[in-house]
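Notes to accompany the following structure.
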Amino acid sequence: MRIRNGWVYGPDGRFQVQDLCLDPASGRFSAESWDGQEWDASGCYLIPGLTDLHFHGCAGADFCDATPEALERLASFEAACGVTNICPASMTLPEERLAAVYRNAAACRKGAEARCQAGRRCQAGAQLVGIYMEGPFFSPQKAGSQNPAWMQNPDAAMVHRLQEAAGGLLRQVAVAPELPGSLAFIQKLKEEFRISLGHSNATYEQAMAAFAAGATQVTHLYNAMNPMTHRAPGLVGAALDREDGWVELIGDGIHVAAPMIRNTFKMFGKDRIILISDSLRAAGMPDGLYELGGQTIQKRGSRAVLDGADTLAGSVSTLLDCLRFVVREAGIPLDAAVQCAAVNPVRSLGLEAELGSLTPGKRARLVCLDEQLNLRAVWLEDGWVPRVGGEVEFG
């Protein structure tokens, strides 16, 4: 198949009008078209499928529901919204409940691989590319919407047990660096997992020690951590003092204001920022009460808070919503926003050999946006994905 005349996001991070070819038989981008089919994408942007490496749920389902139906619902909804690769986050829960969540993910991934080997379509929805362990190694003082009743000090043996339950899917582990044993924990796990710092009351010195020990990421920058001030730079200041590593940024405009999003790009640069949604099961759902990690949250319009409080509890936006917000409201160039939502997450997860660009040989996961950044179509390896609320609008 050849898609003609679109503004194609290139490996150099720039848009250029050119044709794009895909081979449905192999599910990969190719150097030329094989089947003679052509689609006209004039005036549209063609970008790699987005990767959300930190979200909890959507469409009424949550990763921690630990059922095949919930994961299928997540994957279908996300793909229809332009997110072709997902790394859902678990919540602060007891080990036995986390193990059940991870076993479910491993079984669903194994089932998808079996369907693919049998010659059936293996990507009916977004691909599960990893698991983000968000909790329970957090500070109760910065719990946010995590349940402090189940928080504990870092335990590397517990992580290894959960990785066995996950069948190797666990890729990211978050920890508050000020907790007892955190530095030894980071040093022990840094070669196996990406260690992210978050839900933390850490001082600048404690955070810098954690980075030196091997942490390389910050969990939803600014949220659930001390603010950076002129006398107490904290975790934010420590991350800024580093010249490497990633910082996650919730781009919904609720968790971080547009001017601060703009200033974050100035401070950290597009090469270090990962846009995330941190979305909940309430995303794509009407206002009302929902469950998150054993607690009740309330969705009111574009905000979700712990019921009876004003504590933010994740977002109700998709990652594509976040991309649009940072471009339209924060003034971030589209090519920079695409890098932070489609390229940097893939690099952080170590999957750049297969994903994150539209070059020949990479897996064919493609999003088409019109000039107003409205979603026109999503291609997932061997076919179009129906959009939420309607069929494919393309061609």
Side-chain angles (χ1 to χ4, degrees), residues 50-59 61-67 70-71 73-75 77-78 83 85-95 97-106 108-109 126-138 142-147 150-151 158-159 162-163 165-166 169-176 193-200 217-221 223-225 246-252 255 274-283 290-295 297 304 312-319 322 341 345-346 348-349 351:
L50 307 186
T51 297
D52 201 344
L53 60 65
H54 185 161
F55 82 110
H56 298 275
C58 55
D62 189 287
F63 179 55
C64 288
D65 290 345
T67 66
L71 261 182
R73 192 171 182 85
L74 295 184
F77 183 88
E78 293 291 327
V83 179
N85 315 298
I86 54 174
C87 180
S90 54
M91 292 289 290
T92 294
L93 293 167
E95 181 177 351
R97 289 188 58 186
L98 288 174
V101 173
Y102 294 179
R103 282 193 294 268
N104 177 67
C108 289
R109 176 67 179 269
Q127 184 187 11
L128 179 64
V129 296
I131 295 171
Y132 193 144
M133 186 177 177
E134 190 185 8
F137 312 130
F138 289 154
K142 295 294 179 181
S145 59
Q146 302 279 340
N147 194 331
W150 293 318
M151 290 181 180
M158 174 182 170
V159 174
L162 289 171
Q163 176 70 311
L169 273 173
L170 186 57
R171 291 184 176 271
Q172 304 182 112
V173 179
V175 62
F193 308 97
R194 182 167 296 283
I195 306 298
S196 189
L197 307 181
H199 285 272
S200 168
Q217 195 160 304
V218 177
T219 300
H220 45 52
L221 186 72
N223 297 109
M225 63 189 64
W246 308 96
V247 293
E248 304 166 18
L249 189 65
I250 305 175
D252 65 345
H255 287 76
I274 297 173
L275 281 179
I276 63 170
S277 72
D278 198 15
S279 68
L280 315 173
R281 70 168 78 240
Y290 298 88
E291 184 271 343
L292 174 69
Q295 301 187 99
I297 62 169
L312 286 175
S315 88
V316 293
S317 299
T318 68
L319 185 57
C322 294
V346 167
S348 174
L349 293 168
L351 301 173

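- Distance CG/Leu50 to CD1/Ile86: 13.0 Å, rounded to 0.5 Å.
- Here the side chain of His199 pairs a donor or acceptor atom with the backbone of Ala143 at under 3.5 angstrom.
- Separation of atoms CD (Glu78) and CZ (Arg73) is listed at 12.0 Å; rounding is to 0.5 Å.
- Closest of all the heavy-atom pairs between Leu53 and Tyr132 is O-CD1, 2.9 Å.
- A 4.5 Å side-chain heavy-atom check between Asp62 and Pro88 finds every atom pair outside the cut-off.
- In terms of heavy-atom proximity, Val218 sits nearest to Met225 at CG1-CE, 3.7 Å.
- Partners of Ser315 by side-chain hydrogen bond (donor to acceptor under 3.5 Å, both in side chains), not counting sequence neighbours: none found.
- With values rounded to the nearest 0.5 angstrom, Cys108 atom SG is found 8.0 Å from Leu128 atom CG.
- Of the possible donor and acceptor atoms, one in the side chain of Ser279 sits under 3.5 Å from a partner among the backbone N and O of Gly57.
- Between the Glu95 side chain and the Arg97 main chain, no donor and acceptor come within less than 3.5 Å of each other.
- Partners of Arg194 under the side-chain hydrogen bond (donor to acceptor under 3.5 Å, both in side chains) rule, at least two apart in sequence or in another chain, are Thr216, Ser348.
- Side-chain contact between Val101 and Cys64: present, with at least one pair of heavy atoms (C-beta onward) separated by less than 4.5 Å.
- Heavy-atom minimum distance, Gly251 versus Leu275: CA-CD2, 4.4 Å.
- For the side-chain contact (heavy atoms from CB on, under 4.5 Å) test, residues two or more places apart in sequence or in another chain that qualify with Pro136 are Thr92, Leu98, Met133, Gln152, Met158.
- Across Ala89 and Glu134, no two heavy atoms sit closer than the pair CB-OE1, 4.1 Å.
- Considering CG of Asn223 and CG of Asp278, their distance stands at 8.0 Å, rounded to 0.5 Å.
- No side-chain donor from either of Gln172 and His54 sits under 3.5 Å from a side-chain acceptor of the other.
- Atom SG of residue Cys58 and atom CG of residue Leu74 lie 4.5 Å apart, to the nearest 0.5 angstrom.
- When side chains are defined from C-beta on, Leu249 does not count as touching Ile274, because their heavy atoms never get closer than 4.5 Å.
- Going from atom CD of Gln127 over to atom CG of Asn85 covers 6.5 Å, rounded to the nearest 0.5 Å.
- Take Phe55 and apply the ring-ring contact (aromatic ring centres under 6.0 Å, His included) test, not counting sequence neighbours, and it matches no residue.
- Closest approach of Met151 to Phe138, counting heavy atoms only: SD-O, 3.6 Å.
- Ala106 approaches Ala165 most closely through the heavy-atom pair CB-O, 3.7 Å.
- Judged as a side-chain hydrogen bond (donor to acceptor under 3.5 Å, both in side chains), and not counting sequence neighbours, the contacts of Asp65 are Arg281.
- In this view, His255 satisfies the ring-ring contact (aromatic ring centres under 6.0 Å, His included) rule with no residue, not counting sequence neighbours.
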